[in-house]
Engineer: 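Please read through the structure below; I'll follow up with questions.
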Amino acid sequence: MEIWINPRCSKCRTALGELDAAGAEYTVRRYLEEPPTAAELTEVLGRLGLEPWDVARVDEPVGKELGLRSWGREDADRARWVEAMAANPALIQRPIITADDGYTVIGRTEDALKDVLSH
C-alpha cells in the first residue's frame, strides 16, 4: 500500500495512525517533495473514479492564483487540470491511499480508511 501525504496535514497524520494501528504495511510518498507525474495522477484518478476537479484543492493559494474556480469542467479541460496539479502538487487532495490490489481512496474519513484497510 502507498499513501501520499503532506506531513503537516492532520488528516494525513490521522491516516498514518490508523494504518499503523491496523498493522498495515505501506510506503509513504511525500507528494509535495516527490510530485506525481501527470500520468500518475491520471492513473490515480481512474482508480478513484473521479475527475481532477473533484480532488483539486481550489482554495489553496496557488489555486486562487490560477483561478481554478473559473476553469471548465468538461472532458476537454481534464488535461489542463491534471497538468496544473502535477506542476503544483499542493492542489492535490490528501491523503491518497492505494492498496496493493489497486483499490484507491482519499483517506479523509474513517469510512474511507476502513474501506482501504479491508482490501
Side-chain angles (χ1 to χ4, degrees):
M1 169 173 330
E2 181 176 79
I3 180 169
W4 294 1
I5 68 157
N6 173 350
R8 293 178 41 202
C9 168
S10 63
K11 297 284 186 187
C12 292
R13 291 191 305 271
T14 297
L16 291 171
E18 291 293 322
L19 293 175
D20 288 342
E25 291 184 27
Y26 61 90
T27 58
V28 171
R29 180 172 183 173
R30 293 178 180 215
Y31 72 98
L32 296 177
E33 297 166 16
E34 185 187 342
T37 64
E40 287 175 305
L41 282 170
T42 299
E43 181 180 338
V44 164
L45 289 166
R47 289 178 179 178
L48 288 167
L50 296 172
E51 296 292 344
W53 45 84
D54 296 329
V55 301
R57 298 173 60 86
V58 297
D59 291 326
E60 285 291 315
V62 69
K64 290 179 179 180
E65 183 181 313
L66 292 171
L68 291 183
R69 286 198 176 274
S70 67
W71 285 20
R73 295 173 187 228
E74 302 295 327
D75 288 348
D77 303 308
R78 189 175 290 120
R80 181 181 185 202
W81 281 85
V82 169
E83 289 296 332
M85 292 190 318
N88 303 282
L91 295 174
I92 303 168
Q93 191 60 262
R94 62 195 180 250
I96 294 177
I97 307 168
T98 302
D100 292 339
D101 65 1
Y103 185 75
T104 303
V105 299
I106 297 175
R108 296 187 64 76
T109 66
E110 186 176 326
D111 286 342
L113 292 169
K114 286 179 184 177
D115 213 23
V116 77
L117 285 168
S118 68
H119 278 263

Engineer: Sequence neighbours excluded and cut-off under 3.5 Å, please list the side-chain donor-acceptor pairs for residues 17-25, or say none.
Structural biologist:
residue, atom, partner, partner atom, Å
Asp20, OD1, Tyr26, OH, 2.5
Asp20, OD2, Tyr26, OH, 3.4

Engineer: To the nearest 0.5 Å, what is the distance between CZ (Arg78) and CG (Leu41)?
Structural biologist: 13.0 Å
Engineer: Please, which pairs that meet side-chain hydrogen bond (donor to acceptor under 3.5 Å, both in side chains) have at least one residue in residues 80-92, sequence neighbours excluded?
Structural biologist: none
Engineer: Between Leu66 and Ala84, which heavy-atom pair has the shortest distance, and what is it?
Structural biologist: CD1-CB, 4.4 Å
Engineer: Show me the pairs that pass salt bridge (Lys or Arg N to Asp or Glu O under 4.0 Å) and involve residues 110-119, at least two apart or across chains.
Structural biologist: Glu110-Lys114
Engineer: Quick test of your reading: applying side-chain hydrogen bond (donor to acceptor under 3.5 Å, both in side chains), list the pairs with at least one residue in residues 7-17, sequence neighbours left out, ordered by first then second residue.
Structural biologist: none
Engineer: Quick check: closest heavy atoms across Val116 and Ala99, and the distance to 0.1 Å?
Structural biologist: CG2-CB, 4.0 Å
Engineer: Sequence neighbours excluded, which residues qualify as salt bridge (charged side-chain N to carboxylate O under 4.0 Å, His left out) partners of Lys64?
Structural biologist: none
Engineer: Looking only at heavy atoms, what is the nearest atom pair of Pro35 and Ala86, with distance?
Structural biologist: CB-O, 4.0 Å
Engineer: Counting N and O atoms only, with roles assigned by atom type, does the side chain of Arg73 sit under 3.5 Å from a partner on the main chain of Glu51, one being a donor and the other an acceptor?
Structural biologist: no
Engineer: Let me see the working for Tyr103 and Thr98 under side-chain contact (heavy atoms from CB on, under 4.5 Å), right down to the final yes or no.
Structural biologist: CA-CA 6 Å; Tyr103 185 75; Thr98 302; over 6 Å; no
Engineer: For Glu2, what residues pass the salt bridge (charged side-chain N to carboxylate O under 4.0 Å, His left out) criterion, not counting sequence neighbours?
Structural biologist: none
Engineer: Trp4 and Val44: which non-hydrogen atoms are nearest, and at how many Å?
Structural biologist: CH2-CG2, 3.7 Å
Engineer: What's the separation between atom CD in Gln93 and atom SG in Cys9, rounded to the nearest 0.5 Å?
Structural biologist: 8.0 Å
Engineer: Please find the pair of heavy atoms, one from Val28 and one from Leu16, that lie closest to each other, and give the distance.
Structural biologist: CG2-CD2, 4.0 Å
Engineer: Taking only residues two or more places apart in sequence or in another chain, which ones pass side-chain hydrogen bond (donor to acceptor under 3.5 Å, both in side chains) with Asp54?
Structural biologist: none
Engineer: Taking all heavy atoms of Ile3 and all of Ala15, pick out the closest pair and write down the distance.
Structural biologist: CD1-CB, 3.8 Å
Engineer: Would you please test Glu60 and Leu68 for side-chain contact (heavy atoms from CB on, under 4.5 Å) and show each step?
Structural biologist: CA-CA 10 Å; Glu60 285 291 315; Leu68 291 183; over 6 Å; no
Engineer: My understanding is that only residues two or more places apart in sequence, or in another chain, count here; which of them pass side-chain hydrogen bond (donor to acceptor under 3.5 Å, both in side chains) with Asp101?
Structural biologist: His119
Engineer: Treat each ILVMFWY residue as a node, draw an edge where side-chain heavy atoms are under 4.5 Å apart, and state whether Ile96 and Leu32 are in one component.
Structural biologist: yes
Engineer: Taking Arg29 for its side chain and Glu34 for its backbone only, find out whether a donor-acceptor pair lies under 3.5 Å.
Structural biologist: yes
Engineer: Test of understanding: with salt bridge (charged side-chain N to carboxylate O under 4.0 Å, His left out), list the residues that count as partners of Arg94, not counting sequence neighbours.
Structural biologist: none
Engineer: Test of understanding: with side-chain hydrogen bond (donor to acceptor under 3.5 Å, both in side chains), list the residues that count as partners of Asp100, not counting sequence neighbours.
Structural biologist: none
Engineer: According to salt bridge (charged side-chain N to carboxylate O under 4.0 Å, His left out), who are the partners of Arg47, at least two apart in sequence or on a separate chain?
Structural biologist: Glu43
Engineer: Can you tell me how far CD1 of Ile97 sits from CZ of Arg108, rounded to the nearest 0.5 angstrom?
Structural biologist: 11.5 Å
Engineer: Is there side-chain contact between Ile106 and Leu50, with at least one heavy-atom pair below 4.5 Å?
Structural biologist: yes
Engineer: Does any part of the side chain of Ile92, heavy atoms only, come nearer than 4.5 Å to the side chain of Pro36, both counted from C-beta?
Structural biologist: yes
Engineer: With sequence neighbours left out, write down each residue that passes side-chain hydrogen bond (donor to acceptor under 3.5 Å, both in side chains) with Tyr31, or none if nothing qualifies.
Structural biologist: none
